[in-house]
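Data first, discussion second: the structure below is written as structure tokens.
What you see is a predicted model; the values in this text were computed from it and never measured. Order of the sequence lines sets the chain letters (A, B, ...), proteins ahead of strands, with each chain counted from 1. Because only heavy atoms are used, hydrogens play no part in the values below, and waters and symmetry mates are left out as well, while side chains stay in.
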Protein chains: 2
Amino acid sequence: MDAIDLNLVDLLRGNARLSYAELARQVGLSAPAVHERVGKLESGGVIRAYRAEVEPETIGLGVTALIGIVEDSEADTDDVLEAFRVMPEIESCYFMAGVESFLLKARVGTIAELEQLIVRLNRTPGVASTRTGIALSTKWENRPQPVAPPTA
Amino acid sequence: MDAIDLNLVDLLRGNARLSYAELARQVGLSAPAVHERVGKLESGGVIRAYRAEVEPETIGLGVTALIGIVEDSEADTDDVLEAFRVMPEIESCYFMAGVESFLLKARVGTIAELEQLIVRLNRTPGVASTRTGIALSTKWENRPQPVAPPTA
DNA sequence: TACAGTCCGTGGACGCCATCGACCTCAACC
DNA sequence: GGTTGAGGTCGATGGCGTCCACGGACTGTA
């Protein structure tokens, strides 16, 4: 994990569809060398996936909500997690410090669907209460911050 | 934006580095047809970017925090937004309904850096108070939910 | 110093892919 | 019925991904 690797990570976080040839030009190596480095970053768990980032409204997911979850005293945290995992609307799930054990980011098409989701969450065993905040707009999301040292 | 487009979007959300030839096979069109469709999805604002998803800890961003922001009564929301925008640690920014106008997701390397970020946030004009929650672990993040109708 | 092993790179070769242009098909509309 | 436009296929070509053989730098050992 040297400076070139960090550089490759930054480049791919900016545009995951860059060709190996282009990456090679940017970092000053040959294409096979870059190919091998990126392969190691993938198999070493640094690069988890390559994803297209989509404007949610355009695919019918216009409602974004952030939901805090308080567990009840008998809750089995693993079971609660599994219950969340099978709900596809829950795009992100953080285990938090504080009264609320989880913070979920969910996306649905309509407020009615959000209502149904919240009902389902409140019904899942181990969940004592939920607190939902609605995002009126997403200013930006998952903006990658550069990590590579500036190339001198 | 028909079923094939939704299918392409799902495929690219799952793996942004799929070749056009492979996409073509999956949706049952020719490669040039897929090339044109994807190009229109990009220029039409449906596909915003292609990003490599990285394990944050491996690139020195081990601390994740979610920060609620309360604006003061004289705040200019646009100015506050711009102040947030130039802070690279703030990866996501939602404008929320409720007492807290914004919810930020920030990632930094250490708790000390988080402390500095919070101080900076509290000092920015228009910000009345902040409330920070620390994510002990990220169970998952930005999991794409399928949107295409199941191919019969 | 000499030597062997390892790591990490380069260069060449080959087949697949991206991409362009020409053409086809179908539906909508005068 | 002819025209137009959208959106598809097909074929060609140049570049790219990927495999392989090879080479130089570094390290530990005799």
Side-chain angles (χ1 to χ4, degrees), chain A residues 1-61 142 144 146-152, chain B residues 1-61 142 144 146-152:
Chain A
M1 196 66 184
D2 59 4
I4 293 181
D5 280 342
L6 286 175
N7 226 309
L8 289 172
V9 165
D10 273 356
L11 288 167
L12 286 170
R13 289 214 295 170
N15 180 4
R17 281 182 79 84
L18 287 175
S19 68
Y20 291 116
E22 182 59 30
L23 291 169
R25 276 188 286 271
Q26 302 264 348
V27 302
L29 288 181
S30 65
V34 168
H35 187 252
E36 175 157 354
R37 276 173 178 266
V38 172
K40 283 180 184 168
L41 290 172
E42 292 169 358
S43 59
V46 176
I47 294 178
R48 224 181 317 173
Y50 301 98
R51 302 203 179 285
E53 196 183 293
V54 169
E55 197 74 43
E57 294 81 9
T58 63
I59 54 170
L61 295 174
N142 302 120
V147 291
T151 39
Chain B
M1 198 62 187
D2 59 5
I4 292 180
D5 280 341
L6 287 175
N7 226 310
L8 289 172
V9 165
D10 273 356
L11 288 167
L12 286 170
R13 288 214 294 172
N15 180 3
R17 280 183 81 82
L18 287 175
S19 68
Y20 290 116
E22 182 59 29
L23 291 170
R25 276 188 286 272
Q26 302 263 349
V27 303
L29 287 182
S30 65
V34 167
H35 188 256
E36 174 156 356
R37 275 174 179 266
V38 172
K40 282 181 185 170
L41 289 171
E42 292 168 0
S43 59
V46 175
I47 294 177
R48 225 182 316 177
Y50 301 97
R51 303 207 177 287
E53 195 182 294
V54 169
E55 199 72 41
E57 294 81 10
T58 63
I59 54 170
L61 295 174
N142 302 122
V147 292
T151 40

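- Under the side chain to side chain contact (heavy atoms under 4.5 Å, CB included) criterion, A:Pro56 pairs with A:Leu61, A:Arg107, B:Arg48, not counting sequence neighbours.
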Walk me through it: do A:Ile59 and B:Arg13 pass the test side chain to side chain contact (heavy atoms under 4.5 Å, CB included)? CA-CA 12 Å; A:Ile59 54 170; B:Arg13 288 214 294 172; 3.8 Å; yes
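- Of all the residues in residues 11-30 of chain B, B:Leu29, B:Ser30 reach under 4.0 Å from DNA chain D with at least one non-hydrogen atom.
- In terms of the side chain to side chain contact (heavy atoms under 4.5 Å, CB included) criterion, residue partners of B:Gln26 (sequence neighbours excluded) are, by chain and number, B:Leu11, B:Glu22.
- Take B:Asn15 and apply the side-chain hydrogen bond (donor to acceptor under 3.5 Å, both in side chains) test, not counting sequence neighbours, and it matches no residue.
- A search for side chain to side chain contact (heavy atoms under 4.5 Å, CB included) contacts involving A:Ala3 returns A:Pro149, not counting sequence neighbours.
- Applying the ring-ring contact (aromatic ring centres under 6.0 Å, His included) rule to pairs touching residues 19-38 of chain A yields A:Tyr20-A:His35, sequence neighbours excluded.
- Under the ring-ring contact (aromatic ring centres under 6.0 Å, His included) criterion, no residue pair touches residues 39-59 of chain A, with sequence neighbours excluded.
- Contact of the A:Arg25 side chain with the A:Leu18 side chain is not registered, since no non-hydrogen atoms from C-beta on lie closer than 4.5 Å.
- For A:Asp10, there are no side-chain hydrogen bond (donor to acceptor under 3.5 Å, both in side chains) partners, not counting sequence neighbours.
- Chain A approaches DNA chain D within less than 4.0 angstrom (heavy atoms of the protein), and the contacting nucleotides run 5' to 3' from D:dC16 to D:dC19.
- Partners of A:Arg37 by side chain to side chain contact (heavy atoms under 4.5 Å, CB included), not counting sequence neighbours, listed by chain and number: A:Asp2, A:Ile4, A:Asp5, A:Leu8, A:Leu29.
- Residues from residues 32-40 of chain A lying near DNA chain C, meaning a heavy-atom separation below 4.0 Å, are A:Pro32, A:Ala33, A:Arg37, A:Lys40 in numerical order.
- The structure places OG1 of B:Thr58 at 8.5 Å from CG of A:Leu41, a figure rounded to the nearest 0.5 Å.
- The minimum heavy-atom distance linking B:Ala52 with A:Ala16 is given by the pair N-CB, 3.6 Å.
- Between chain B and DNA chain C, the heavy-atom contact criterion of under 4.0 Å yields a 5' to 3' nucleotide range of C:dC17 to C:dC20.
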